[in-house]
Amino acid sequence: MIGSQRMTRRGLLAVGVAGAGSLLLAGCGTVAAPQPETEPAQEAETAYAPVTIENCGLTITYDQPPQRAVSLAQHATEVMLTLGLQDHMVGTAYLEDPILPDLADAYAQIPVLSDTYPSREVFLGAEPDFVYGGWVSAFNDEVAGPRESLLELNINSYLAHANCLESKATIEDVFTDFLTIGKIFGVSERAEAYVAGKRERLAEIHAITQAADAKVTVFVYDSGDEAPYTAAGTGIVNALLEEAGGINIFADEEGGFATVNWETVIERDPDVIVLHHASWSTAEEKIEYLKNTEALAALRAVQAERFVIVEFTATQPGPRSIDVIETLFQGFYPE
């Protein structure tokens, strides 16, 4: 999805993970991801100084924090709420999974503009002064509109850093979103403290994952029956796999996601299959398809039922990202 267009059963989602209170399932059993270590909301830290932000090819100067923000993707919403910015928000849209439990009360304070993307009329009707898009598609003509045209309406914008890169995404891109949103809204100290805590946790995870010689090959099954949609070699999902000690069998594909063919999956015969679980393409549906399709049922991962199930939102840049690395590692190296 990253940097390209993505077709799901619920519609088009263009694409360039933590504390998950949600369940992330690994192997044949269930692995409950740790609860998020969100920082409590704080009052404004210091007087706001103008800040200039370069994001995805667009440079915007903020003279004051946005007061009427709209988030157009769940991971964007969860970044905002993790930083305690719900009082700055007038709308949100596109909830793909249950909201993190620790963020539920804050989320309940914000109007939901749409289950998926709102129309441009509905979006503009919220009278936003800022929009945080999780995917490139948030800025299509029929949704928020191009970022440059939004500036003409005095609406500033931000696009999730990892989902607009031409270069290979890394876990640092997740931290970039928190730190940049912190600057924009004048809560840099809060964002820096949060990121510092996540860096410490990541270092602890690295101490375990780097002791394992990466040898587990992985196929990410996002969606699709006739032709599977999978994580390619330069997106944030590939970065999470690498952090967890996995080798993406489609790392040679350009972009964040790509449509491939089952023949190549069969030829490369992965050790583990990571299944994205979402309302528009559930893990159970994908497992059933794999087991009931003769050629795919012969895959080693299917035969051994080596599945790691993660909620789709957990694989996108936000407060779930660090926890999902640990969950993936546990699924890759259960020993």
**Q** When you look at E242 and N238, which way does the side chain to side chain donor-acceptor pair (under 3.5 Å) test go after all the steps?
**A** CA-CA 6 Å; E242 292 182 344; N238 184 75; 3.3 Å; yes
**Q** How about I110 and V90: do any of their side-chain heavy atoms sit closer than 4.5 Å?
**A**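 The answer is no; the side chains never approach within 4.5 Å.
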**Q** First locate atom CG of L275, then atom CD of E284, and finally report the distance between them rounded to the nearest 0.5 Å.
**A**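 That separation rounds to 9.0 Å.
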**Q** Treating R120 as the side-chain partner and E142 as the backbone partner, does any N or O pair qualify as donor plus acceptor under 3.5 Å?
**A** no
**Q** Taking atom CD of E54 as the centre, does the number of heavy atoms from other residues, nucleotides or ligands within less than 6.0 Å exceed 12?
**A** yes
**Q** Would you say S149's side chain and P146's backbone share a donor-acceptor pair under 3.5 angstrom?
**A** yes
**Q** Under 3.5 Å, side chain of D222 to main-chain N/O of A231, donor-acceptor pair present?
**A** no
**Q** Between Y158 and T180, is there a side-chain heavy-atom distance shorter than 4.5 Å?
**A** yes
**Q** Are D177 and H75 side-chain neighbours, meaning at least one heavy-atom pair lies under 4.5 Å?
**A** no
**Q** So, does K168 use its side chain to make a donor-acceptor pair with the main chain of G235 at under 3.5 Å?
**A** no
**Q** Tell me every residue that passes side-chain contact (heavy atoms from CB on, under 4.5 Å) with A278, counting only those two or more places apart in sequence or in another chain.
**A** W280, F312
**Q** Any idea which heavy atoms bring A283 and I309 closest together, and the distance?
**A** CB-CG2, 3.4 Å
**Q** Quick check: is I247 connected to L299 through a chain of hydrophobic side chains (ILVMFWY, heavy atoms under 4.5 Å apart)?
**A**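 No, no single cluster joins them.
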**Q** For F130 and F185, I'd like to know if the aromatic rings sit close, meaning centre-to-centre distance below 6.0 Å.
**A** yes
**Q** Would the distance check show the side chain of N248 and the main-chain N or O of L241 forming a donor-acceptor pair, the cut-off being under 3.5 Å?
**A**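 No, because the side chain of N248 does not come within donor-acceptor range (under 3.5 Å) of the backbone of L241.
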**Q** Ignoring hydrogens and angles, tell me if any N or O in the side chain of D129 forms a donor-acceptor pair with the backbone of I155 under 3.5 Å.
**A**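 No, D129 side chain to I155 backbone: no donor-acceptor pair under 3.5 Å.
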**Q** Using a strict 4.0 Å threshold on nitrogen-to-oxygen distance, state whether R199 and E172 make a salt bridge.
**A** yes
**Q** What do the steps show when you test V308 against I273 for side chain to side chain contact (heavy atoms under 4.5 Å, CB included), and what is the final call?
**A** CA-CA 6 Å; V308 182; I273 298 176; over 6 Å; no
**Q** Do R306 side-chain atoms and F332 backbone N/O form a donor-acceptor pair below 3.5 Å?
**A** yes
**Q** Can you name the residues that form a side-chain contact (heavy atoms from CB on, under 4.5 Å) with D173, not counting sequence neighbours?
**A** H161, A162, L165, A169, T170
**Q** For N156 and R147, test the side chains for any donor-to-acceptor distance below 3.5 angstrom and give the result as yes or no.
**A** no
**Q** Counting heavy atoms not belonging to N261, are there more than 12 under 6.0 Å from its CG?
**A** yes
**Q** Atom OG1 of T315 and atom CD1 of I325: how far apart are they, to the nearest 0.5 Å?
**A** 11.5 Å
**Q** Does the side chain of T77 pick up a donor-acceptor pair with the side chain of S71 at under 3.5 Å?
**A** yes
**Q** Would you confirm whether W135, through its side chain, and A160, through its main-chain N or O, come within 3.5 Å as a donor-acceptor pair?
**A**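 Looks like no, no N/O pair under 3.5 Å.
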**Q** Counting neighbours of CD on E254 that are heavy atoms of other residues, nucleotides or ligands and sit closer than 6.0 Å, is the number greater than 12?
**A**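 No, not enclosed.
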**Q** Hey, is R300 close enough to D269 for a salt bridge, meaning N to O under 4.0 Å?
**A** yes
**Q** Does some side-chain heavy atom of I181 sit less than 4.5 Å from a side-chain heavy atom of Y132?
**A**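 Result yes, sub-4.5 Å side-chain heavy-atom pair found.
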**Q** Does any N or O in the side chain of Q74 come within less than 3.5 Å of the main-chain N or O of D97, such that one atom is a donor and the other an acceptor?
**A**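 Indeed, once roles are kept as given, a pair shorter than 3.5 Å links the two residues.
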**Q** Short question: side chain of E285, backbone of T282 - any donor-acceptor pair under 3.5 Å?
**A** yes
**Q** Under the side chain to side chain contact (heavy atoms under 4.5 Å, CB included) rule, what do L72 and Y117 come out as? Steps first, then yes or no, please.
**A** CA-CA 7 Å; L72 297 179; Y117 278 142; 4.1 Å; yes
